[in-house]
Structures are given as structure tokens and as C-alpha cells.
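Residue numbers run from 1 in the order of the sequence given. Only heavy atoms go into these numbers, but all of them, side chains included; no hydrogens, no water, no symmetry mates.
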Amino acid sequence: MDSWVRFNAQSQAKERLIRAAQYACMLLGYSLHRGGAAAELRATVSQLEAHMSLTRKLLRLGNSVEALEAAKRAIHLSDSVLRLCLTIGHLNRAMYFACDNILWAGKTGLISKVDQLKWSQRSFRYYLFALILNLTRDVYELHLLMEQEARSRNSKSPASPCGPPASDQLSCPSSPATPPTVVLPLMGAWLRRQLQLVRAVLYNNPPLLLDLLKNSCDIVIPLDRLGIYPLGAGFVGVCGLASSVLSIVTMIHPWLKLKP
């Protein structure tokens, strides 16, 4: 099993490169359509995109095994939230890859009478669930790091006789009810402080920032393909290309990959 996972990892870099090229073709096709290019040129670009999509499906054969192995590792995590998000997320990825394999077999003729639309919709639903769980994990990690950063800042700041800073509470427990004219500035200060914490945490944790950006770009694809929130080929092409480049960056620099 370990040997297969190592072998499969070698094809992932090729798959990411072809994925970037595929979404670049999608973006190019959209630009040609908007620019009124010749129908023959647009058809060529569309055909090239379809060939790249089929090649990616070939390279993803066996990825379900890797996803199941990742789920087996995640189930032993001590943090219950991470354990839940990562385990169920990897299981959804495994189902997504299994549906993708059936689609590839149908397109190549290995399996006859495959309902391409049904299996495509099913695969994108699994993909969407996996991405929702990935984003939940990212937000959870961000929340934990923000709390840690806030405690660190509070320990370095001088103690206030009123307890926590004004940005953490709207009034001191011992003070009378705060009038609305004071509440709004305090809420604004609290919001600014939260934004500063988010900026500091993401700046000091590039892996979390890249993973959050990549998942945010990726989730656009199933939302569009399932018709939940149609965004158009141009926007999907930009997001797919951006997420592919971010994935390639994490492969070139493994320390930028969010762990576990």
C-alpha cells in the first residue's frame, strides 16, 4: 500500500500541471468567445480542454486508495474537530475519485452505457462536500491561531483595572449600561482588532493562507457545475487556474502544505 501511495504521488505533479493547462484553455476559450474569434479556433481550444480533462482522469486512477489511507491516518488525530473534518473529507474525496474513475471508463469505452451526466453530478457533489469540510477545517485552524495570538498580545499589554481591553468587551462588568453612542465605537474597535488578528495569523502562517485560498478557489468549480451558483466559464477558469498554481507551489515547497 505504501509503495502504491509513493508511486501515485509521482503522477500528482503531472496531474496538477495538466489541470492548470486545462483551466487555462477554459479561460482562453472564454476570452476567444468574448472576442468573437473564429468558431474553428474556439472548437480546437475546447477539444484540447476535453483531452486534458480525460488525461487528468487517467492520472487520477487509484487516488481513491490514497484518500482512504489519508482517512485512516486522520481518524487517529487527538483534536475531535480536525479528526471529524479530515476523516469525512478524505472519505468524500475517495468517493469523488471513484466516480471520476467510472466516468473515465465510460468515456474510453471500457464500461458501456455509463450515464455521464448522472455520474458527473454525483462526483461533483462529493467534491463539494469535501471542499466544505476543508474550508471548515481552515476556519477552525484560523480560530485557534487567532485565540493564541490574542492571548499572546494580552499577556504583553499592561493589565486594565476593568479587566479585558475595551476591544474584547463592550463595557466593564462594574460600569452602568453603556449608551449606544459608546457601543458603536467599541464594536468598531473590536472588529478592527479581529481583522488585525486575522491578518497577523495569515501572514505568519503561509500554509494556512495558501490552503484557504486554494479551497476558496476550488469550491467555485462544483458550485458552478452543479448549478447551485453559476458563475460562468471565465470566472471558473480563473479560479481553477489559481488553485492549480497554488497546488503546484505546495508541491515545489512542501513546507507550504498545511498539516496534518
Side-chain angles (χ1 to χ4, degrees), residues 74 77-90 128-224 228-229 231 235-236 238-260:
L77 294 173
S78 58
D79 190 298
S80 59
V81 176
L82 288 179
R83 182 169 64 246
L84 178 67
C85 290
L86 290 176
T87 302
I88 300 179
H90 287 312
L128 178 61
F129 294 151
L131 289 172
I132 290 173
L133 288 165
N134 288 347
L135 283 170
T136 303
R137 176 262 183 103
D138 290 338
V139 172
Y140 176 69
E141 294 262 19
L142 179 61
H143 173 69
L144 292 181
L145 291 172
M146 284 176 63
E147 287 187 337
Q148 182 181 343
E149 179 70 16
R151 286 195 299 268
S152 175
R153 292 187 179 189
N154 289 337
S155 64
K156 294 176 182 178
S157 61
S160 169
C162 196
S167 57
D168 286 340
Q169 59 179 25
L170 296 180
S171 63
C172 296
S174 58
S175 61
T178 309
T181 55
V182 178
V183 171
L184 291 178
L186 288 177
M187 290 180 64
W190 177 85
L191 182 59
R192 284 194 299 272
R193 184 171 183 272
Q194 296 304 307
L195 292 175
Q196 289 173 358
L197 286 175
V198 170
R199 184 177 62 182
V201 166
L202 293 179
Y203 179 80
N204 293 321
N205 296 271
L208 177 58
L209 174 60
L210 290 183
D211 199 68
L212 188 59
L213 290 174
K214 184 175 72 66
N215 289 326
S216 298
C217 290
D218 278 336
I219 202 169
V220 168
I221 300 170
L223 287 176
D224 179 80
I228 298 173
Y229 197 77
L231 293 162
F235 192 76
V236 172
V238 170
C239 291
L241 180 59
S243 66
S244 301
V245 172
L246 291 174
S247 296
I248 293 170
V249 169
T250 58
M251 287 184 171
I252 296 174
H253 304 286
W255 69 273
L256 289 174
K257 185 176 178 60
L258 186 62
K259 298 179 179 65

Check: Taking all atoms of both residues into account, what is the closest heavy-atom pair of G240 and S244, and its distance?
Finding: O-OG, 2.7 Å

Notebook entry, point to check: Side-chain contact, heavy-atom cut-off 4.5 Å: V220 with F235?
Noted result: yes

Notebook entry, point to check: Between L258 and D138, is a side-chain contact (heavy atoms from CB on, under 4.5 Å) present by the stated rule, with each step listed?
Noted result: CA-CA 9 Å; L258 186 62; D138 290 338; 3.5 Å; yes

Note to self: The test is side-chain contact (heavy atoms from CB on, under 4.5 Å); show your working for L209 and V201 and say whether it passes.
What the structure shows: CA-CA 9 Å; L209 174 60; V201 166; over 6 Å; no

Check: Roughly how far, to the nearest 0.5 Å, is the NE2 atom of H253 from the CD1 atom of I248?
Finding: 12.0 Å

Notebook entry, point to check: In Å, rounded to the nearest 0.5 Å, how long is the span from NZ of K214 to CG of L131?
Noted result: 7.5 Å

Check: If every non-hydrogen atom of R153 is compared with every non-hydrogen atom of A200, which pair is closest and at what distance?
Finding: NH2-CB, 3.5 Å

Notebook entry, point to check: What is the minimum heavy-atom distance between A130 and G89, and which atoms define it?
Noted result: CB-O, 3.7 Å

Margin query: Nearest 0.5 angstrom please: L135 CG to C85 SG, how far?
Written below: 10.5 Å

Note to self: Can a donor-acceptor pair be found, under 3.5 Å and without considering hydrogens, that links the side chain of N154 to the backbone of A150?
What the structure shows: yes

Next item on the list: Check the surroundings of atom OH in Y140: do more than 12 heavy atoms from other residues, nucleotides or ligands lie under 6.0 Å from it?
Entry: yes

Margin query: As an exercise, state the distance from CG of D218 to CG of N215, rounded to the nearest 0.5 Å.
Written below: 6.0 Å

Notebook entry, point to check: Which atom pair, heavy atoms only, marks the closest approach of I252 to P254?
Noted result: O-CD, 3.4 Å

Item checked: Rounded distance (nearest 0.5 Å) linking atom CG of L82 with atom CZ of R137 -> 6.0 Å

Check: Does a side-chain heavy-atom distance below 4.5 Å link P260 with L77?
Finding: yes

Check: Shortest non-hydrogen contact from P207 to W255?
Finding: CG-O, 3.5 Å

Note to self: Determine whether a donor-acceptor pair (N or O, by modelled atom type, separation under 3.5 Å) exists between the side chain of D79 and the backbone of V81.
What the structure shows: yes

Notebook entry, point to check: So, the side chain of T250 versus the backbone of S247: is there a donor-acceptor pair under 3.5 Å, distance only?
Noted result: yes

Next item on the list: State the CG-OG distance between L145 and S152, to the nearest 0.5 angstrom.
Entry: 12.0 Å

